[in-house]
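Written below as structure tokens is the structure these notes are about.
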Amino acid sequence: MSAPMGGGARPVGAGVAPTTQQNLNQIVSMPFTNAIRYPASKMYRRIDKLHDQQVERLKDPVIEYLSKKGYNRTEAMLRQEMNNVDAQGRVKDDRVDNKGASKYFIALNMLIRWVDENLDLYKPELKRLLWPIYVHAFLNLVSEHYPDHAAKFFEDFSKNFTGEHAEDLRILRPVHHPDHIQNNAIAKAYRANKYRLTLTQSIYYSLIQFLEAKDVEGGSVLLRIINNHMNIVTIDRASAGSDRAFATMIAKLHGEVDLPDEDEGVPGHNPGSANTDINAPNVLTRLFLGPVPMDAEMVTDIRDELEEEDAQNPAGSGGKTLIEELDQKIKREPSEDAPNREAVPLPKPLARDVAMEVQRIKEYRDRFTIEGRTGGVGPGVSVTMFTFHNTFDSVNCMDFSGDNALVAVGTAESYIRVWSMDGTPLPSAGSGQSANGTDIPTLSASRRLIGHSGPVYAVSFSPSTANTASSTAASHGISTASRHLLSCSADKTIRLWSLDTFSTLVIYKAHDHPVWDVTWGPFGHYFLSGSHDTTARLWSTDHVAPLRMFAGHDQDVDCVAWHPNNAYVFTGSSDKTVRMWDVSRGTPVRMLTGHTANVTSVSCAPNGKILASADDSGSIILWNLSQGRRIKRMRGHGRGGIWSLSWSVESSLLTSAGADGTVRVWDVLAPGEGQVGTAAAAGVKGATGGADGVGANGVTVNGTGKADSKKSAAATAQPVNLLVKAATAGKEAGITPDQISAFPTKKSPVYKVRFTNMNLVVAGGCYMP
């Protein structure tokens, strides 16, 4: 029955089946007195029931009609709409998307359950999804003004990420308001960049199918986060190499390897590339990692000096002459891989530079040679440990001079103290006068340098070499000892000190915040600093302003290092990345990601092919610079930070020292954890294998700077069996098999370790009772 054409009110019961019409007529025609007795709610329920019955009877004919006519898509849409409405025709509110703040709790819980129930081989890759989704879900709650829900969400799920992201969680915890996001380093980085994650194709397709199937239950929430804030790169497992092999996945599953991918994180980038553009091609900048060519005139002078040395001190039977060693060194320099000497100009070489190069060639020939190991027998590396007493936890940093004559420490009390390592008195200003009015020097084995107005965080001696009495340089009155010392401080300045007068020569000012690290270039003249202002700066001693500023890190630049050829520098940061910079252009050429904690130390191998970086969690990662790829990770140190790294002359061994009070020796050649390359591919030749090392007794230096004649029991370095676990804070850290030996102290955190040019190891620390 159709409605009246006149636009009047529709009659009660119009368009209703006869049986239903009769029932409605009975209710409408009910006497007034009976209607009063008839409850209104019961009457409305009866009307609704009749209406529902009518709707249900209409469904089947319509669906049957659509099916008969072949309107399959319309039929499917109608069935879906019918399932999304209740009996009264109202849309059901079953979508998690419509549940306000609760949607993020429900969606993340659903994803965690799915990952846990997935195939074991898929779990290592799928677990990498959880962290970025957790961060952006938390930030979404903050942005949508759900502060209480955001705090509960943070606490409920943060325990899943404390192992790898403890520092990030600490920084994110105070975020409760949308304005906090722009003022928080981690939150701002995640909002400004897409989190890059690489998944194999099969796992990616499985993830998308799951999210689409669970669209109503929270899949749409997760898809929105992935689309807006993540850049997922898919690769084929067969062509991905060993890092995606099933054996590697099984190792990750068992906790043996838990490293993030080299391209994972914010900002995302192709492995090794410093270009963070999401559309950047997978092409790396060519590097010139060979040694810088020597000045032609300098080579002539060096040859003359070496001929004189060979005449005065002939080589032993079967030994090489110094001239032969020089010829081999020049021959070893690959001209096609060498940087342009003019790219980073150096001052004209002096007689002192010639004498230092002559001494380096002598030390290279006469060094303790570390050969490639065979049959599981390792080299007996000796460590001489210098322990400082009565420091009262005031020492922040330490450095040894290249000629092993001096040691300097920087303190929290803003001064620097320099000691003579053999107890020889250092020159000093007079404290009294003789009868004729001349100063009487005060004999002391240490000197205090005062000038900084804040804690001193790093000291660095200028390059030097030993100067033996029998050398021609000594006979000509040429000194190759360290003449200058650099220091940096919380007062935002860098100071250049004279070691002749023990006074400040220059104060360098440019950083806006405390300066954490400073170090000389391999040839002197230039030096590099890193600061809390997230920049590193290149300086030369003859300019008070920096020559280059290297900006790109998101957080503090905690440590800096030079490439042996003077053409590149390295910076390690609290943002867990290591960057390599071209000195001549001031641009980044490599970005190395994979650390799970703040990077605390970086050091480049003497061959210029491999970089070692260490972090707060006690891990060391080796990098192949030409490929920009991780070689392996080495573990053994406890938490608290690895503060110093040093390479053997052959680039086959690495030593490390840190807060756990140990010096450890590592085999660069042996296969290791998370290995995707080989050290041999990076230019290191030798056999692999592992063995225990041999320790040596150390010499203790007391708080006054005088060397003790007795060997301190605390300084006795004995190697530890490789099966021992390094325990710290109640938790044991597994030791990887590429550790050769460990030399523990009793209670002395080790601030500095250094391989000498003769392949002996010197280390220094402070006794903490």
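All values below were derived from every heavy atom in this structure, side-chain atoms included, with hydrogens, water molecules and symmetry-related copies excluded. Quantities reported herein were computed from a predicted structural model and do not represent experimental measurements.
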Worked verdict on K576 versus D168 for salt bridge (Lys or Arg N to Asp or Glu O under 4.0 Å): CA-CA 10 Å; K576 307 176 187 177; D168 292 340; 2.9 Å; yes

For side chain to side chain contact (heavy atoms under 4.5 Å, CB included), just list the numbers for V569 and Y526, CA-CA rounded to whole Å, side-chain angles, deciding distance to a tenth of an Å, and then say yes or no. CA-CA 11 Å; V569 295; Y526 297 104; over 6 Å; no

Check step by step if side chain to side chain contact (heavy atoms under 4.5 Å, CB included) holds for M634 and L654. CA-CA 11 Å; M634 304 184 295; L654 179 73; 3.7 Å; yes

Between D660 and T662, does a side-chain hydrogen bond (donor to acceptor under 3.5 Å, both in side chains) hold up when you go through it step by step? CA-CA 6 Å; D660 63 352; T662 65; 3.0 Å; yes

Go through L486 and W520 one step at a time and tell me if the side chain to side chain contact (heavy atoms under 4.5 Å, CB included) criterion holds. CA-CA 8 Å; L486 285 170; W520 285 96; 3.4 Å; yes

Is there a side chain to side chain contact (heavy atoms under 4.5 Å, CB included) between V599 and C559? Walk through the geometry before answering. CA-CA 8 Å; V599 180; C559 51; 4.0 Å; yes

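Panel note: side chain S394, backbone T391; a donor-acceptor pair is recorded below 3.5 Å. A side-chain donor-acceptor contact under 3.5 Å links R367 to the backbone of Y364. Side chain of T655 to backbone of V665: no donor-acceptor contact under 3.5 angstrom is found. Here the side chain of N184 pairs no donor or acceptor atom with the backbone of I181 at under 3.5 angstrom. Remark: the backbone N or O of T535 is not paired with any side-chain donor or acceptor of S531 at under 3.5 angstrom. Under a 3.5 Å cut-off, the side chain of T519 and the backbone N or O of A561 do not form any donor-acceptor pair. One N or O on the side chain of T600 and one on the backbone of I642 form a donor-acceptor pair closer than 3.5 Å. A distance-only check finds no donor-acceptor pair linking the side chain of D582 to the backbone of G586 [under 3.5 Å]. A donor-acceptor distance shorter than 3.5 angstrom exists from the side chain of S482 to the backbone of S462, with no hydrogens or angles considered. When atom types are taken as modelled, the side chain of S603 and the backbone of A612 share no donor-acceptor pair closer than 3.5 angstrom.
Taking each heavy atom of I361 and L326 in turn, the nearest pair found is CD1-CD1, 3.8 Å. The shortest non-hydrogen separation linking D556 to W516 is OD2-NE1, 3.0 Å. L426 and W419 make their closest contact through CD1-C, 4.3 Å (heavy atoms, listed as atom of the first residue, atom of the second, distance). Between T493 and K509 the shortest heavy-atom distance is CG2-CG, 3.9 Å. Across all non-hydrogen atoms, the minimal contact from S489 to H452 is CB-ND1, 3.2 Å. Shown here for S584 and V344, the closest heavy-atom pair between the two residues is N-CG2, 4.4 Å.
Taking a cutoff of 4.0 Å between a charged side-chain nitrogen and a carboxylate oxygen, E357 and R360 qualify as a salt bridge. Electrostatic pairing of E297 and K348 counts as a salt bridge here, judged by a charged N lying under 4.0 Å from a carboxylate O. Salt bridge status for D337 with K609: present, with a side-chain N to carboxylate O gap under 4.0 Å.
Taking the six-membered ring where tryptophan is involved, the planes of Y568 and H563 are perpendicular, since the angle between them exceeds 60° and thus also 30°. W539 and H511 have tilted rings, their planes meeting at an angle from 30° to 60° on a 0 to 90° scale.
Looking only at atom types and distance, the side chain of S656 has a donor-acceptor partner in the side chain of H637 under 3.5 Å away. Donor-acceptor pairing under 3.5 Å is recorded for the side chains of W623 and S613. Using modelled atom types, one finds a donor on one side chain and an acceptor on the other under 3.5 Å when comparing T504 with R495. Side-chain polar atoms of Q359 and N757 form no donor-acceptor pair below 3.5 angstrom. N759 and S648 share no donor-acceptor pair across their side chains, judged by distance under 3.5 Å alone.
To the nearest 0.5 Å, atoms CE (M580) and OG1 (T285) are separated by 10.0 Å. With rounding to the nearest 0.5 angstrom, the CD1 atom of I620 is 8.5 Å from the OG atom of S601. How far CZ of F461 is from CH2 of W497: 12.5 Å, rounded to the nearest 0.5 Å. Atom CG of N598 sits about 7.0 Å away from atom CD of Q555, to the nearest 0.5 Å. The distance from atom SG of C604 to atom CD1 of I610, rounded to the nearest 0.5 Å, is 9.0 Å. Taking CD1 of I450 as the reference point, atom OG of S414 lies at 7.5 Å (rounded to 0.5 Å).
The shortest distance between side-chain heavy atoms of Y508 and L496 falls below 4.5 Å. Residues V409 and V418 have side chains not in contact (no heavy-atom distance under 4.5 Å, counting atoms from C-beta outward). When side chains are defined from C-beta on, M421 does not count as touching L406, because their heavy atoms never get closer than 4.5 Å. Considering only heavy atoms from C-beta on, W562 comes within 4.5 Å of P522 through its side chain. For the pair V761 and V753, the minimum side-chain heavy-atom distance is below 4.5 Å. Side-chain contact between Y415 and V456: absent, with no pair of heavy atoms (C-beta onward) separated by less than 4.5 Å. Counting only heavy atoms from C-beta outward, the side chains of T541 and L505 never approach each other to under 4.5 Å. Contact of the V762 side chain with the F386 side chain is registered, since non-hydrogen atoms from C-beta on lie closer than 4.5 Å.
For K752, there are no side chain to side chain donor-acceptor pair (under 3.5 Å) partners at least two apart in sequence or on another chain. In this structure H553 satisfies the side chain to side chain donor-acceptor pair (under 3.5 Å) test together with T571, D575, T577, sequence neighbours excluded.
Residues in residues 396-409 take part in these side chain to side chain donor-acceptor pair (under 3.5 Å) pairs, two or more places apart or across chains: S401-D403, N404-R754.
Atom CZ of R352 sits in a crowded spot, with more than 12 heavy atoms from other residues, nucleotides or ligands closer than 6.0 Å.
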